[in-house]
*Asks:* 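Got a structure for you, questions after.
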Amino acid sequence: MKDDLSAIAARFERPAGPYLASHSVGLPPRSVRDHLNKDYLDVWMASGDGAWPSWLDAVEKWRALLAQLLGAQAKEICPQTSVSSALFHCLTSLTMPGAPIGRVVMHETAFPSMGFVVTALKESGAELSLIPRDAPPGDLDAWASALDGASFALITHVHSNTGALSPVAAIADLARSRGVMSVLDCAQSVGVVPFTVQSLGVDAIVGSSVKWLCGGPGAGFLWMHPTRLTNAQPVFAGWFSHASPFAFDIRDLQFAEDALKFWGGTPSVAPFVAASAGLSTILDCGVDRVRAHNVALQATLLGTSLEEAAALSADMGGTLCLTFPQDTLPGLRAALDRESVFYDVRGQTVRLSPHIYNTDEDAHLVGALLADASVDDRRELLAW
């Protein structure tokens, strides 16, 4: 088993020190170079503008891989440059033409970019409504109160600054019972927290390949439930939103019948070719296995038993967010830096994300540094 995990770790490009920053950018699989050469650069160099059929086939391959991961249909998925652009399409296309977008509810600890999208749509009748940070993200009573009279619920699956895992299905049920559409931000969960589109019951999902999917930036995505997708009316279009992009009739916009109606103008290709390498590797590993390995290494980092870590994981995503006292943090950071550990800090909170390419040795080394920070119980440091 350990040899098998070593073989998996060897499939990734890894720096010299323990890499525990997958919540920010996942490490690239070694196969990404072959993917980019074969499916992007080689056909471009050989064919010039004749590369488009091969390029579009490569994007379709990415859609199929992501659909497999999500338990969805490829036709329900549209490539996006970012999570923010995907959310824009949700809010603007799922509102009745000419009607205000209405109130969009999210937790105050949601990623700020999500709130910025709503705020920028103020002239379209969007109103940002925040559940205060003193209410836990999974507080169903707080959600129930906030959702009354709302139009959309933006649910953060895993919160980036605390690691808190939201009860998505329960919140989506609350939204549905009030006639509120639910959108899931899975940027911090996809690839490490097992789920399918069916298991969560949301109307749409926005996400990214840059973190646990090890796909690099620029390969975001939008999934929309088929019943919502049928009636969604894009307010932004380009020639790749067209049912026949190469028809070239300026008087005739016929939106694609599937999720590609949200694609827009000339698409980026390279990010999705690169992201296919990450997706293929994560699918080979299996998200269940990624999660099991993640929880096992979290146990080592926390200095607790595997059983205790597994119990904690019901409320926690793949990232440990540990908030240290101000007098302790500088010494800990100096120790982590001396060992070339990759991590980051938000305020007083240290973020550590063990992935499938991290080893027991990584976790024991960093766990010992955490123990030396003069903290009796590292579980008490969990930000959530």
Side-chain angles (χ1 to χ4, degrees), residues 23-24 83-84 86-88 90-91 94-95 100-189 193 200-207 312-326 329 344-351 379-384:
H23 55 269
S24 180
V83 179
S84 300
L87 179 60
F88 170 87
C90 287
L91 300 182
L94 292 173
T95 305
I101 290 172
R103 194 156 56 83
V104 183
V105 178
M106 64 184 72
H107 197 270
E108 191 175 2
T109 59
F111 193 66
S113 191
M114 302 294 94
F116 299 160
V117 172
V118 178
T119 301
L121 287 168
K122 182 179 180 180
E123 295 302 318
S124 297
E127 176 190 349
L128 178 62
S129 178
L130 298 175
I131 296 173
R133 65 176 62 243
D134 57 3
D139 186 334
L140 296 182
D141 289 336
W143 276 99
S145 176
L147 288 172
D148 285 337
S151 297
F152 292 91
L154 187 284
I155 308 167
T156 301
H157 202 176
V158 174
H159 291 254
S160 62
N161 286 346
T162 64
L165 180 66
S166 297
V168 177
I171 298 171
D173 282 344
L174 283 174
R176 187 164 44 252
S177 70
R178 289 159 171 76
V180 177
M181 287 177 280
S182 54
V183 182
L184 177 71
D185 174 3
C186 72
Q188 287 284 354
S189 63
V193 177
L200 299 181
V202 294
D203 294 296
I205 297 176
V206 297
L312 287 170
S313 71
D315 298 311
M316 184 168 60
T319 303
L320 287 179
C321 296
L322 305 175
T323 302
F324 285 84
Q326 192 164 4
L329 185 57
D344 66 12
V345 175
R346 296 281 177 89
Q348 298 297 119
T349 300
V350 175
R351 299 195 300 172
R379 291 169 298 178
E380 294 298 320
L381 299 172
L382 289 168
W384 53 266

*Asks:* Does the side-chain contact (heavy atoms from CB on, under 4.5 Å) test come out yes or no for Arg176 and Asp203, once each step is laid out?
*Replies:* CA-CA 9 Å; Arg176 187 164 44 252; Asp203 294 296; 6.0 Å; no
*Asks:* How long is the gap from OG on Ser177 to CG on Leu147, to the nearest 0.5 Å?
*Replies:* 8.0 Å
*Asks:* Do the side chain of Arg346 and the main chain of Thr162 share a donor and acceptor less than 3.5 angstrom apart?
*Replies:* no
*Asks:* For the CG atom of Asp185 and the NE2 atom of His107, what is their distance to the nearest 0.5 Å?
*Replies:* 14.0 Å
*Asks:* Who are the side-chain contact (heavy atoms from CB on, under 4.5 Å) partners of Ala144, not counting sequence neighbours?
*Replies:* Leu174, Arg178
*Asks:* State which residues pass salt bridge (Lys or Arg N to Asp or Glu O under 4.0 Å) with Glu108; sequence neighbours excluded, sorted by chain then number.
*Replies:* Arg133
*Asks:* Show the nearest heavy-atom pair for residues Thr109 and Pro137, with the distance to one decimal.
*Replies:* OG1-CG, 4.3 Å
*Asks:* The test is side-chain contact (heavy atoms from CB on, under 4.5 Å); show your working for Met114 and Thr156 and say whether it passes.
*Replies:* CA-CA 10 Å; Met114 302 294 94; Thr156 301; 5.8 Å; no
*Asks:* Could you pull out the closest heavy-atom pair between Val206 and Cys90, with the gap in Å?
*Replies:* CG1-SG, 4.2 Å
*Asks:* On a heavy-atom basis, which atom in Ile205 and which in Val202 lie closest, and how many Å separate them?
*Replies:* CG1-CG2, 3.6 Å
*Asks:* List the steps, then state whether side-chain contact (heavy atoms from CB on, under 4.5 Å) holds for Phe152 with Ile101.
*Replies:* CA-CA 9 Å; Phe152 292 91; Ile101 290 172; 3.9 Å; yes
*Asks:* Mind checking side-chain contact (heavy atoms from CB on, under 4.5 Å) for Ala170 and listing every partner two or more places apart, or none if nothing turns up?
*Replies:* Leu140, Pro167
*Asks:* Could you state the interatomic distance from CD (Glu127) to OG1 (Thr119), rounded to the nearest 0.5 Å?
*Replies:* 10.5 Å
*Asks:* With rounding to the nearest 0.5 Å, note down the distance linking CG in Leu91 to CG in Leu154.
*Replies:* 7.5 Å
*Asks:* With sequence neighbours left out, what residues match Asp134 under salt bridge (Lys or Arg N to Asp or Glu O under 4.0 Å)?
*Replies:* none
*Asks:* Testing the basics here: between Ala110 and His159, what is the closest heavy-atom pair and its distance to 0.1 Å?
*Replies:* N-ND1, 4.1 Å
*Asks:* Of all residues at least two apart in sequence or in a different chain, which pass the side-chain hydrogen bond (donor to acceptor under 3.5 Å, both in side chains) check with His157?
*Replies:* Ser189
*Asks:* Would a 4.5 Å heavy-atom cut-off, applied to side chains only, mark Asp315 and Leu165 as touching?
*Replies:* no
*Asks:* Dump the intermediate steps for side-chain contact (heavy atoms from CB on, under 4.5 Å) on Leu382 and Leu320, then the final yes or no.
*Replies:* CA-CA 7 Å; Leu382 289 168; Leu320 287 179; 3.8 Å; yes
*Asks:* Taking the side chain as every heavy atom from C-beta outward, state whether Val183 and Leu87 have any pair of such atoms under 4.5 Å apart.
*Replies:* yes
*Asks:* What is the minimum heavy-atom distance between Ala172 and Ser182, and which atoms define it?
*Replies:* CB-OG, 4.0 Å
*Asks:* So how far is it from Gln188 CD to Asn161 CG, rounded to the nearest 0.5 Å?
*Replies:* 9.0 Å
*Asks:* Using side-chain heavy atoms (C-beta onward) and a distance below 4.5 Å, is Leu128 in contact with Lys122?
*Replies:* no
*Asks:* Using salt bridge (Lys or Arg N to Asp or Glu O under 4.0 Å) as the criterion, list what pairs up with Arg351, not counting sequence neighbours.
*Replies:* Asp344
*Asks:* Over all heavy atoms of both residues, which pair between Ala146 and Ile131 is shortest? Give the atoms and the distance, please.
*Replies:* CB-CG1, 3.9 Å
